[in-house]
Amino acid sequence: MPLDARAPLAPYRRHGSNAGQPLTRRDGELKVTGRATFAADNHPADLLYAATAVSSIARGRVTALDVAAAKAHSGVVEVYTPANRPPLAHDPDVKLGPFGFRIEVLQDDTVRYAGQPIALVVAETLEAAIEGAALLNPGYEARPARTGLGDGERFAPAAVGVGASPRTLYGDIDAGFAAAKTIIQADIATPAQFHNAMEPHAVVAQWDGDHLTLDMPNQALVMSRDAYAIYFGVPPRNVLIRSPFLGGGFGSKAFLNGPQLLAILAARHLKRPVKYVLSRAQMYGPVGHRGRTWQTLRLGLDGDGRLTAIHHHSIAATSSFEDFLEPAANASLHAYASPAILAETQGLRLDIGTPGPMRAPGEASGSAALEVAMDKAAEARGMDPLDFRLANYAETEPGTGRPYSSNALRECYGEGAKRFGWAGRPPRPGQMRDENGLLVGWGVGAALFPCPHFAAEARATLRADGSALVETAGVDMGQGAWTALAQIAAEALGLDPERVEFRSGVSDLPDGGIAGGSGHTASAGLALHNAGEDVIARLAEIAGADPASPLFGTGNVGVVARAGRLCRRDDETRGESYADILARAGLDALVGTGRMARDEAAAQSWAMFSHGAVFAEVKVDPDLGVVRATRLVGAFAAGRIINPRLVRSQYYGGMIWGLSFALHEAAHADRRTGRIMNADLAEYRIPVNADVPSVEAILVPEEDRYVNPLGVKGVGEIGITGTVGAIANAVWHATGVRARRFPIQIEDLLHDRG
Ligand code: MOS
């Protein structure tokens, strides 16, 4: 795509004019032509195939496995069970740091959830491996499965999410409720949801002595490499992870899991490469999910419609052997101004696979409940839901009083409302009908998401021809990292993005940090930006010291890098190309490095969030209770936008996921067996195009001078957060029925009318 060099400069642009352009995806052509290779596309010579046998009970013991029958099947090479599983160098029951999980890898015969791997069969063909697994014909000693609030064991957790506090109190909560004229309560249950990435978890593992090469989709290459090195007792430099493309990660591919570890173990034991791909059904268990919650929100209100207290209590489900809890209640700590806020989480042990981070962990499920409660409070005060949110607008971070590094939420409300046509919304429910007699409702939800920064490193190499290679072990999981990160690097290098080759997705590059938490562009981006600037600074030194250069005697403050040339800032006609500078200096290449290091002081001083407001229209069939979200308008502010095309598509994806959360998605466990009844894409409902007739995302301009030197915030997860509540509130506005669980079901609407 041609670039307009005269386009207005975005803030903090030091050199070129590349960032801010809506470039198309660099990986797009590879993907649509089928040339993008995913992990399972790798077929090294002498390849073996692995399949797991998984438990059909949710709790108990495996008492028998017919290993002999499996081994007798033609093509089966080996069967691994707890009896013969080769040792690991690290105890899988001991977590590796804050991002570690206890890993199920055949350490004993205990069954802790339905779908738990109980054996691994390796064979010459995939078919033989699957048949071998079927022939194991397990016997069990089964105990009743604990599947819900009634039969699980409650516990007080040490932490929620990844290391967050399970109880946070701001102000005096009792005084807050004592000061309230009205107290409203909302009870909301959220279901188990599964990531359901199009590309299943997979690995092709190859050992060469004690060197390991892994082709696998992975959101955190260097962190995972280091973890595999520990489990297998080899130096990190012996492990290479290649993950050029991901068919979706959503948090589930950031962490190690048992099935992949087993396949790697088998490859080492058998001294042959092993391919293992989870079946769709087998992804409902050992590779994480969004855990169920049962949330209670109490809001205290004074006579003017101001919050006096927010108490958000959540019971969050986890497995019997791990502690990850959806941090839903913590979503209420940052959203609205209130003199008192209490967020508390209780754990609930069930016989399920361990939940984990899934797209907007905590924020999605927590803000869904909070936004419903806020709407109920607005109703109780007789206020317009948008006016009510503005009356409780957080000018500084609630509780801490920290200023926001930037906060254009008010503008998001304004622009979203205008575009949606919010004005004139009748206050009471059930007032609007369309031409076909369907009930029409409008709802709003606020969206916010924190801006984490992860340590990251990058390298930029300017080549003799004036083009550049930039490298970081980051991950494009479909969000467009290849493109946006290349734009950031190109800008710092003063080059057209087409002259910048971007390498990523391999663990032996400089550590690009985690692709997750909506923090990859800011984190890896800043490392790349700094690497580019490092190259330009070195180039300026060379030119300034060279009497043959038109820039001789120019200090580095006096130069600007633009379109492959280094010029005087005060006279851009005086300068020369990068290629000329390198040629005269006799250099084939000039290498710069950069890193992103979190600034603890800044993180303490500023509250850093992306913001947004989502407006939803639903239509409800008054006789059948069928709900359709007919219109979604989201307005989001996330600091500087590197690539508006990609960012808009992140917002679309988030909003559609929010719609899915509100109206479609849930995994249901059979209470008799503990098995998930809809562990497939036919019965696990997600929206299709017909469910999403109109989605608009408005990019509200925002300048952030403090969040990081690029002014970039995150955009990946925020779209989910406001949308769920907006749709639930629109359903109320259409029907008068408040959501008490997600997804909202037809029967919820029909029952409540009785
Ligand atoms: Mo996400 S849950 O940060 O991949």
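The chain is numbered in sequence order, starting from 1. Keep in mind the model is a prediction, meaning the values are calculated, not measured. Ligands are counted one by one from 1 in listed order, and the atoms in each one are counted from 1 as well.
- Among S243, S507, S224, the single residue meeting the side chain to side chain donor-acceptor pair (under 3.5 Å) criterion with N218 is S224.
- Salt bridge absent: E665 and R290 never bring a charged side-chain N and a carboxylate O closer than 4.0 Å.
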Let me have the donor-acceptor pairs involving side chains of residues 360-368, under 3.5 Å, with sequence neighbours excluded, atom names and distances please.
| residue | atom | partner | partner atom | Å |
| --- | --- | --- | --- | --- |
| S365 | OG | E326 | OE2 | 2.6 |
| S367 | OG | E363 | O | 2.8 |
| S367 | OG | T721 | O | 2.7 |

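- With sequence neighbours excluded, no residue forms a salt bridge (Lys or Arg N to Asp or Glu O under 4.0 Å) with D41.
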Using a cut-off of under 3.5 Å, which N/O atoms of ligand 1 pair up with protein N/O atoms, and what distance separates each pair?
| residue | atom | partner | partner atom | Å |
| --- | --- | --- | --- | --- |
| ligand 1 | 3 (O) | G517 | N | 2.3 |
| ligand 1 | 3 (O) | E717 | OE2 | 3.4 |
| ligand 1 | 4 (O) | Q219 | NE2 | 2.8 |
| ligand 1 | 4 (O) | G251 | N | 2.8 |

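- Using a 4.0 Å cut-off between charged side-chain N and carboxylate O, R595 and E457 make no salt bridge.
- In this view, R503 and E471 satisfy the salt bridge (Lys or Arg N to Asp or Glu O under 4.0 Å) rule, not counting sequence neighbours.
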